[in-house]
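Reading through the structure tokens given below for one structure.
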Amino acid sequence: MSDTAEDPGHARVAEPKKELFGAGCRIVVDGTRATAACHNPYPVVDRVALHIECDPWWDIDTDTAPTEVGPAGTVRLDGRCWKNVRTAWVSHRKAR
């Protein structure tokens, strides 16, 4: 008996399809400012938000409001800190 997928003793497991979702974002940090440019090459709307963590403990971290990026669309998100930006990232969520 052979060990092939056609063998009734062996089940074939289907690999999950890769989901085409998520805008590609480039983030630039320049001192007190952070800017993200996000482009969505997929047919599903992506809701993106820029999150900024500020360097001094007393400086307030910021988050932009979620912004929809439609298919083939591009958006720009901006934010700032009083002193310096420690880190910045973009979150993604499917639009309902």
Side-chain angles (χ1 to χ4, degrees):
M1 189 176 233
S2 67
D3 284 337
T4 65
E6 291 80 24
D7 184 355
H10 293 81
R12 178 177 286 224
V13 177
E15 291 186 28
K17 284 186 175 181
K18 277 192 170 183
E19 184 177 17
L20 300 178
F21 170 76
C25 299
R26 293 189 337 173
I27 301 171
V28 175
V29 174
D30 184 18
T32 62
R33 298 196 171 276
T35 302
C38 299
H39 175 73
N40 183 7
Y42 301 115
V44 178
V45 175
D46 187 2
R47 295 187 68 186
V48 294
L50 176 63
H51 308 279
I52 301 171
E53 187 175 319
C54 299
D55 196 20
W57 64 268
W58 50 263
D59 202 345
I60 299 171
D61 298 340
T62 61
D63 302 312
T64 65
T67 303
E68 289 190 356
V69 187
T74 301
V75 297
R76 179 180 163 150
L77 307 168
D78 296 299
R80 66 180 296 274
C81 295
W82 285 102
K83 289 286 184 181
N84 289 314
V85 173
R86 178 180 298 157
T87 186
W89 66 97
V90 174
S91 62
H92 303 264
R93 181 170 288 160
K94 285 185 181 179
R96 294 179 191 193

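Source: prediction; values computed, not measured.
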Looking at [X] and [Y], what are the two nearest heavy atoms and their distance?
| X | Y | value |
| --- | --- | --- |
| Val29 | Ala88 | CG2-CB, 4.3 Å |
| Val90 | Cys25 | CG1-SG, 3.8 Å |
| Asp63 | His51 | OD1-ND1, 2.7 Å |
| Phe21 | Arg93 | CZ-C, 3.7 Å |
| Asp46 | His92 | OD2-ND1, 2.7 Å |

Roughly how far, to the nearest 0.5 Å, is the [atom2] atom of [Y] from the [atom1] atom of [X]?
| X | Y | atom1 | atom2 | value |
| --- | --- | --- | --- | --- |
| His39 | Thr74 | NE2 | OG1 | 5.0 Å |
| Asp59 | Arg86 | CG | CZ | 10.0 Å |
| Arg76 | Cys38 | CZ | SG | 11.5 Å |
| Leu50 | Thr62 | CG | OG1 | 7.0 Å |
| Leu20 | Asn40 | CG | CG | 10.5 Å |

Quiz prompt | Tyr42 reachable from Val75 in the ILVMFWY side-chain graph, under 4.5 Å edges | solution =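 No, separate clusters.
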Quiz item: Are Val48 and Ile27 grouped together when hydrophobic residues (ILVMFWY) are joined by side-chain heavy atoms under 4.5 angstrom apart?
Solution: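 In one cluster: yes.
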Self-check item: Results of side chain to side chain contact (heavy atoms under 4.5 Å, CB included) for Thr87 - residues two or more places apart only
Solution: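 Once residues adjacent in sequence are excluded, the partners of Thr87 under the side chain to side chain contact (heavy atoms under 4.5 Å, CB included) criterion are Glu53, Trp89.
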Practice problem: Side-chain contact test, heavy atoms from C-beta onward, threshold under 4.5 Å: evaluate it for Cys81 versus Asp55 and give yes or no. | Solution: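 No, their side chains stay 4.5 Å or more apart.
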